[in-house]
Amino acid sequence: MIATALDNFTAPPCAKLLGWHLLDARPKEGWIRIGFDGRKDFCNPAGFVQGGILSAMLDDTMGPAVLVMSEGRLYTATITITINFLAPARPGKLIGEATVTQLGKTVAFVEGRLMAEDGTLLATASTSARLVEMAKAIG
C-alpha cells in the first residue's frame, strides 16, 4: 500500500471503538478505503447496526480522506453531513470509501459510501467540512 499521512497518526479513541483500519488510499485523488468492525454491541433491537454508528463510520471515512489528500496538513470539522440509508447493516466487517470532491481554502466537500463485506451498498453520505490546519488543531 502507498504511504500516507496516516502512517504516523495515532488513531483517536472513537476510531478504535469503531474498529477503524486503513485498507487503501490514493492521496493525490483524495480517495480512501477504511475497514470497520460492525460489532453486535452496535446493534439496535432489530439486530442491525444502529444508524448513528453507521453515520460515525462514514464521518470517520470522509474526514481522513481530506487528511490524506492534504498530506496531513488539514483536519476537518463537520459543518453538514447528509446520510442516505439504503439497506440494513448486519454485524460484521464494513467498508467505507470516500472521495474529496472539492478541497477549498476553508471548506472541503466529500462524498462517502459504506458497504457490507459482500459489496452491498448500505449507505451513502456527503459532507461539507471546515478545514483546520494541523498546527492550530494541536496547539
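Residues passing the side-chain contact (heavy atoms from CB on, under 4.5 Å) test with N8, sequence neighbours excluded: none. Listed by chain and residue number, F9, C14, A15 satisfy the side-chain contact (heavy atoms from CB on, under 4.5 Å) test with P12 (two or more places apart in sequence, or in another chain). Scanning for salt bridge (Lys or Arg N to Asp or Glu O under 4.0 Å) contacts around R130 gives an empty result, with sequence neighbours left out. Partners of T80 under the side-chain hydrogen bond (donor to acceptor under 3.5 Å, both in side chains) rule, at least two apart in sequence or in another chain, are S128. By the side-chain hydrogen bond (donor to acceptor under 3.5 Å, both in side chains) test, R73 pairs with no residue at all, sequence neighbours left out. Take T76 and apply the side-chain contact (heavy atoms from CB on, under 4.5 Å) test, not counting sequence neighbours, and it matches V66, A129, L131.
Within a 6.0 Å sphere centred on CZ of R26, heavy atoms belonging to other residues, nucleotides or ligands number more than 12.
Note on W31: it does not cluster hydrophobically with L103, by side-chain heavy-atom contacts below 4.5 Å among ILVMFWY residues.
Counting all heavy atoms, side chain and backbone alike, A5 lies closest to G72 at CB-N, 3.3 Å. For the pair A3 and P27, the tightest heavy-atom approach, listed with the atom from each and the gap, is O-CG, 4.3 Å. Across every non-hydrogen atom of G38 and L94, the tightest pair is CA-CD1, 4.1 Å.
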For residues 46-56, which side-chain N or O atoms pair as donor and acceptor with protein atoms under 3.5 Å away, sequence neighbours left out?
{"from": "Q50", "atom 1": "OE1", "to": "G52", "atom 2": "N", "distance (Å)": "2.7"}
{"from": "Q50", "atom 1": "OE1", "to": "I53", "atom 2": "N", "distance (Å)": "3.1"}
{"from": "S55", "atom 1": "OG", "to": "G51", "atom 2": "O", "distance (Å)": "3.0"}

Name each donor-acceptor pair under 3.5 Å that joins a side chain in residues 105-122 to protein atoms two or more places apart or in another chain, with its distance.
{"from": "D118", "atom 1": "OD1", "to": "T120", "atom 2": "N", "distance (Å)": "2.9"}
{"from": "D118", "atom 1": "OD1", "to": "T120", "atom 2": "OG1", "distance (Å)": "2.7"}
{"from": "D118", "atom 1": "OD2", "to": "T120", "atom 2": "OG1", "distance (Å)": "3.4"}

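In this structure, the separation between CE on M62 and CD1 on I34 is 12.0 Å, given to the nearest 0.5 Å. Taking CG of L58 as the reference point, atom CZ of F85 lies at 7.5 Å (rounded to 0.5 Å). With values rounded to the nearest 0.5 angstrom, L23 atom CG is found 9.0 Å from F36 atom CZ.
Applying the salt bridge (Lys or Arg N to Asp or Glu O under 4.0 Å) test to residues at least two apart or on different chains, the pairs with a partner in residues 32-47 are R33-E97, R39-D41. Residue pairs satisfying the salt bridge (Lys or Arg N to Asp or Glu O under 4.0 Å) criterion with at least one member in residues 46-72, sequence neighbours excluded, are absent.
In this structure, I32 and L6 have side chains that are in contact, with non-hydrogen atoms separated by less than 4.5 Å.
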